[in-house]
Amino acid sequence: MIGADQSPAHRPFGARVKAFVALTKPRIIELLLITTVPVMFLAQQGVPDLTLVLLTCLGGYMSAGGANALNMYIDRDIDALMDRTSQRPLVTGMVSPRECLAFGITLAVASTLLFGLTVNWLSAWLALGALLFYVVVYTMILKRRTSQNIVWGGIAGCLPVLIGWSSVTNSMSWAPVILFMVMFFWTPPHYWPLSMKVKEDYARVGVPMLPVVASNKVVAKQIVIYSWVMVAVSLLLTPLGYTGWFYTSVALLAGGFWLWEAHGLQNRAKAEVTGAKLKEMRLFHWSITYVSLLFVAVAVDPFLR
């Protein structure tokens, strides 16, 4: 951490740039873009306009980055007490709270205008809605009050699917709604295994993530329930005529492996396995691979029908 007499402005320029980039949480945004761009291919039923793709990605990065920066501004008190967030820019002092707040608001305004003026206003309002939902509903209201925080707060992370579709069509359809629901049911079983791993961190700062307030057996059971619903919903695209054999095959194989991992975690939790042998992070890492494979299939499927 920097001393009270040392301004962040005195830090090396390169380190400051890296700190501002870190405020946007690039690794999380990568996942959001993985769910945005393939939906544009599905909406176009082929290759969408590449300029539109770049503008949508840029706007999406700026909007999500602004939301993440504002999240860090609000959570700076607990970030300083949690091991996994102890090196965030506001905690180390590389960026001041005022700078972070200004940065987040600037990205929010700029991304909304970029979407509205270069893509369409439906996408702009969806992006702004996602930002406000994440900052206000999740970070400010739900996160520190309920164990269902990630369930409903995760809606913000589902909206990029709708943005991808609307950027191409300037409208809505059942296809993006189904994929929105896939992401809605994906989010809790994606995040709860990580929460199981770092539940002592959350407990220390009084954030009631489900693994903090419930046993591993209860959490694993919820993971299995959400996983089954997620896989079932993912298979709705084909009977409704939006996808064909390739997407269906990937959804079945990837979903089947997901369920295998989810039930494996539940079996270990039932056996009261703890520590490294619980292997909860196996499902967390697979969840990222799963969503990547599924949405790649969304993008490729139109070319194989």
Side-chain angles (χ1 to χ4, degrees), residues 23-25 27-29 31-32 35 63-86 88 90-91 100 104 108 126-162 180-230 233 262 265-266 269 278 280-281 283-284 287-288 291:
L23 288 177
T24 66
K25 300 182 184 177
R27 294 188 66 183
I28 293 177
I29 296 178
L31 191 60
L32 297 179
T35 65
S63 181
N68 289 329
L70 293 172
N71 167 268
M72 287 196 197
Y73 173 80
I74 296 165
D75 278 350
R76 64 191 186 279
D77 58 332
I78 61 175
D79 281 350
L81 302 175
M82 297 175 64
D83 291 338
R84 76 183 191 90
T85 56
S86 62
R88 285 181 172 175
L90 286 181
V91 179
C100 181
L126 286 170
L128 181 60
L131 182 150
L132 292 174
F133 199 96
Y134 183 68
V135 173
V136 178
V137 178
Y138 172 66
T139 306
M140 298 179 67
I141 298 176
L142 296 176
K143 184 173 181 177
R144 307 192 195 196
R145 289 180 171 86
T146 172
S147 62
Q148 295 298 298
N149 46 24
I150 201 65
V151 175
W152 301 106
I155 288 174
C158 305
L159 285 170
V161 173
L162 303 185
F180 174 98
M181 295 305 297
V182 170
M183 294 305 297
F184 177 81
F185 290 109
W186 171 87
T187 303
H190 158 70
Y191 199 80
W192 280 334
L194 175 62
S195 300
M196 294 169 78
K197 178 73 172 180
V198 298
K199 65 180 179 181
E200 298 303 325
D201 252 3
Y202 284 118
R204 187 183 310 124
V205 296
V207 175
M209 289 294 179
L210 186 61
V212 174
V213 301
S215 68
N216 286 343
K217 287 189 287 188
V218 171
V219 177
K221 181 179 179 180
Q222 289 296 307
I223 286 174
V224 167
I225 292 172
Y226 275 89
S227 297
W228 274 99
V229 177
M230 176 198 71
V233 172
L265 177 60
Q266 184 183 37
L278 184 60
E280 69 274 20
M281 292 299 286
L283 182 58
F284 172 78
S287 68
I288 298 172
V291 82

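Residues: numbered from 1 along the sequence shown. For clarity, every value in this text was computed on a predicted model and none was experimentally measured. These numbers come from the heavy atoms of this one structure, side chains and all, not from hydrogens, waters or symmetry mates.
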Verify, without hydrogens or angle tests, whether [X] (side chain) and [Y] (backbone) share a donor-acceptor contact under 3.5 angstrom.
X: Arg145; Y: Met140; answer: yes
X: Ser195; Y: Tyr191; answer: yes
X: Asn68; Y: Ala64; answer: yes
X: Trp186; Y: Met230; answer: no
X: Thr139; Y: Val136; answer: no
X: Ser63; Y: Ala127; answer: yes

[X] versus [Y], closest heavy-atom pair with distance:
X: Val213; Y: Ser147; answer: CG2-CB, 3.7 Å
X: Ala156; Y: Phe133; answer: N-CD2, 4.0 Å
X: Leu32; Y: Thr35; answer: O-OG1, 2.8 Å
X: Gly65; Y: Thr24; answer: CA-CB, 3.6 Å
X: Pro193; Y: Met281; answer: O-SD, 4.2 Å
X: Thr187; Y: Cys158; answer: OG1-SG, 4.5 Å

Before you tell me yes or no, could you show the steps for Met72 and Thr85 under side chain to side chain contact (heavy atoms under 4.5 Å, CB included), namely the whole-Å CA-CA distance, both residues' side-chain angles and the distance that decides it to 0.1 Å?
CA-CA 10 Å; Met72 287 196 197; Thr85 56; over 6 Å; no

Using the six-membered ring wherever Trp is involved, compare the ring planes of His190 and Phe284 and label them parallel, tilted or perpendicular (cut-offs 30° and 60°).
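Aromatic pair His190/Phe284 classed parallel.
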
Apply side chain to side chain contact (heavy atoms under 4.5 Å, CB included) to residues Asp83 and Val198 and explain how you reach the verdict.
CA-CA 9 Å; Asp83 291 338; Val198 298; over 6 Å; no

Please round to the nearest 0.5 Å and tell me the distance separating atom CD1 of Ile78 and atom CZ of Arg204.
11.5 Å

Could you grab the distance from atom SG of Cys100 to atom CG of Leu70, nearest 0.5 Å is fine?
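With rounding to 0.5 Å, SG (Cys100) is 7.0 Å from CG (Leu70).
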
Residues Val207, Val212; criterion side chain to side chain contact (heavy atoms under 4.5 Å, CB included); working and verdict
CA-CA 8 Å; Val207 175; Val212 174; over 6 Å; no

Taking Arg76 first and then Asp79, would you say they form a salt bridge - that is, a charged N and a carboxylate O separated by under 4.0 Å?
no

With respect to Met196, which candidate in Leu283, Leu210, Ile223 satisfies the side chain to side chain contact (heavy atoms under 4.5 Å, CB included) definition?
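In the set Leu283, Leu210, Ile223, the residue that makes a side chain to side chain contact (heavy atoms under 4.5 Å, CB included) with Met196 is Ile223.
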
Of Val205, Asn149, Asp75, the residue whose pairing with Arg144 passes side chain to side chain contact (heavy atoms under 4.5 Å, CB included):
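Only one option passes, and that is Asp75.
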
Do [X] and [Y] have side chains that approach each other closer than 4.5 Å (heavy atoms only, starting at C-beta)?
X: Tyr134; Y: Ile155; result: no
X: Val151; Y: Trp192; result: yes
X: Asn71; Y: Lys25; result: yes

The test is side chain to side chain contact (heavy atoms under 4.5 Å, CB included); show your working for Asn216 and Lys199 and say whether it passes.
CA-CA 11 Å; Asn216 286 343; Lys199 65 180 179 181; 3.6 Å; yes

